[in-house]
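Notes follow the structure.
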2 protein chains.
Amino acid sequence: MGAQTEFILKTSSLSITSSRKKILEIFLSASTALAHQDIEKLAEQYDRVTIYRTLQTFLDRGIIHTIPTTDNTIKYALCSDDCITSGHHHDNHVHFLCDQCGRTLCLDDVSIPAITLPKGYSMKEINMVVNGICKTCME
Amino acid sequence: MGAQTEFILKTSSLSITSSRKKILEIFLSASTALAHQDIEKLAEQYDRVTIYRTLQTFLDRGIIHTIPTTDNTIKYALCSDDCITSGHHHDNHVHFLCDQCGRTLCLDDVSIPAITLPKGYSMKEINMVVNGICKTCME
DNA sequence: AAGTATTTTGCAACAAAGTTGCATTCTATA
DNA sequence: TATAGAATGCAACTTTGTTGCAAAATACTT
Ligand SMILES: [Mn+2]
Ligand SMILES: [Mn+2]
Ligand SMILES: [Zn+2]
Ligand SMILES: [Zn+2]
């Protein structure tokens, strides 16, 4: 079970520590994106500061990505294997925020359509976030 | 000069106060979206709490809208006249975040393309945010 | 125009979120 | 197993956001 987390850390040339493994396991078993606070609760044996630094490290290596939200919270989710092996984030899927259950989901199968920017603008990254009611809450 | 701000406040059935006029003037003369902190600096005669409450009021009335960003900051920008008269926000344009100058721009002429969500999801709102280099910084 | 009801503001106190420096502990490697 | 370098925990601090309440300003009635 720890095999996958250790593989990810090694691939990203990060030293293997118990907090990094724990936080990775949390992401691997999560079905939704997580806020810093969610992780704090699920990894309460570790210091808040360690979690801040670990998330930043994972972002730098393309292990996780952020999802912008309309409230003031950032959500984090695992990147695809592809990001992890290439060492930087380059996903292209839409994110969904459920107004009822509050969950944030990566819609891996919905890709962001291309847009044309006005002349003079150069695009580096694009984010698309949809609010609404998720499948589970609709039932 | 205060005519336009007073008109907006009256249209939204808000009482006319000096802080509301000042904050509206700031938005009207701004070419970019503003963070809470930007407004604090430009309206330093008013209490921080008043600015929080005023922004919330303006959001409720569809006078301004928020722009989600990849860092943990919310930017605010004026809505179109259409939102103001109808009393709720319903813009549909792309937002641009310049990685160089840090400015956040409403690309009023670039509309968000439609997407198809997986079965069972219901869409209420959609946001599209592009990072890159803006026109001014490219020159 | 003055008086009154209602709304808004500022202040204080607080809570939550995020940052930094440094001593200690842990990890990788020889 | 010894050691250099990296990561962690802790304390102190800053920034950001929230709440209750008294004072002030605004809108409304007469
Ligand atoms: Mn995602
Ligand atoms: Mn806008
Ligand atoms: Zn839901
Ligand atoms: Zn720029």
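By convention in this document, chain letters (A, B, ...) are assigned in the order of the sequence lines, proteins followed by strands, and residues within each chain are numbered from 1. This structure is a prediction, so every number in the text was calculated from the model and none was measured.
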Among side-chain atoms of Asp82(B) and Ser80(B), is any donor-acceptor pair under 3.5 angstrom?
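Checked: Asp82(B)/Ser80(B) side chains show no N/O donor-acceptor pair below 3.5 Å.
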
Interatomic distance, [X] [atom1] vs [N] [atom2] [rounded to whole Å]:
| X | N | atom1 | atom2 | result |
| --- | --- | --- | --- | --- |
| Tyr52(A) | dC10(D) | OH | C1' | 15 Å |
| Leu9(A) | dA7(D) | CG | P | 11 Å |
| Ile16(A) | dA7(D) | CD1 | P | 12 Å |
| Ile74(A) | dA16(C) | CD1 | C1' | 16 Å |
| Tyr46(A) | dT24(C) | OH | P | 22 Å |
| His36(B) | dA17(C) | NE2 | C1' | 15 Å |
| Asp47(B) | dT16(D) | CG | C1' | 14 Å |
| Lys22(B) | dG10(C) | NZ | P | 13 Å |

On DNA chain C, compare the nucleotides closest to Val49(B) and Arg20(B); which residue's is nearer the 5' end?
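Whichever sits nearer the 5' end wins; that is Arg20(B).
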
Please determine which of Gln4(A), Arg20(A), Arg61(A) meets the side-chain contact (heavy atoms from CB on, under 4.5 Å) test together with Leu9(A).
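Checked Gln4(A), Arg20(A), Arg61(A) against Leu9(A); only one passes side-chain contact (heavy atoms from CB on, under 4.5 Å): Arg20(A).
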
Select base, sugar-phosphate, or nothing to describe what Ser19(B) touches, counting heavy atoms under 4.0 Å on all strands.
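Sugar-phosphate contact only - Ser19(B) comes under 4.0 Å of backbone atoms but never of a base.
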
Give Arg53(A) one of three labels, base, sugar-phosphate or nothing, depending on what nucleic acid heavy atoms sit under 4.0 Å from its own.
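Base contact - Arg53(A) has a heavy atom under 4.0 Å of at least one base atom.
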
Respond yes when some side-chain nitrogen or oxygen of [X] is under 4.0 Å from OP1 or OP2 of [N], and no when none is.
| X | N | answer |
| --- | --- | --- |
| Asn72(A) | dT16(D) | no |
| Thr50(B) | dG10(C) | yes |
| Thr17(A) | dA6(D) | no |
| Gln37(B) | dT16(D) | yes |

With the side chain of Ser15(B) defined as its heavy atoms from C-beta on, choose the nearest nucleotide among dT7(C), dA17(C), dT18(D).
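So the nucleotide nearest the side chain must be dT7(C).
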
Hey, does the side chain of Asp47(A) reach the backbone of Val49(A) with a donor-acceptor pair shorter than 3.5 angstrom?
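Flag set: sc Asp47(A) to bb Val49(A) pair under 3.5 Å.
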
Measure the acute angle between the ring planes of Phe96(B) and Tyr121(A), then classify it against the limits of 30° and 60° as parallel, tilted or perpendicular.
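Perpendicular: the ring planes of Phe96(B) and Tyr121(A) meet at over 60°.
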
Parallel, tilted or perpendicular, judged at 30° and 60°: which one describes the rings of His95(A) and His93(A)?
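The rings of His95(A) and His93(A) stand perpendicular, inter-plane angle above 60°.
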
For dG18(C), does the base pair up with any side-chain atom of Arg48(A) as donor and acceptor (N or O, under 3.5 Å, distance only)?
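Flag set: donor-acceptor pair detected.
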
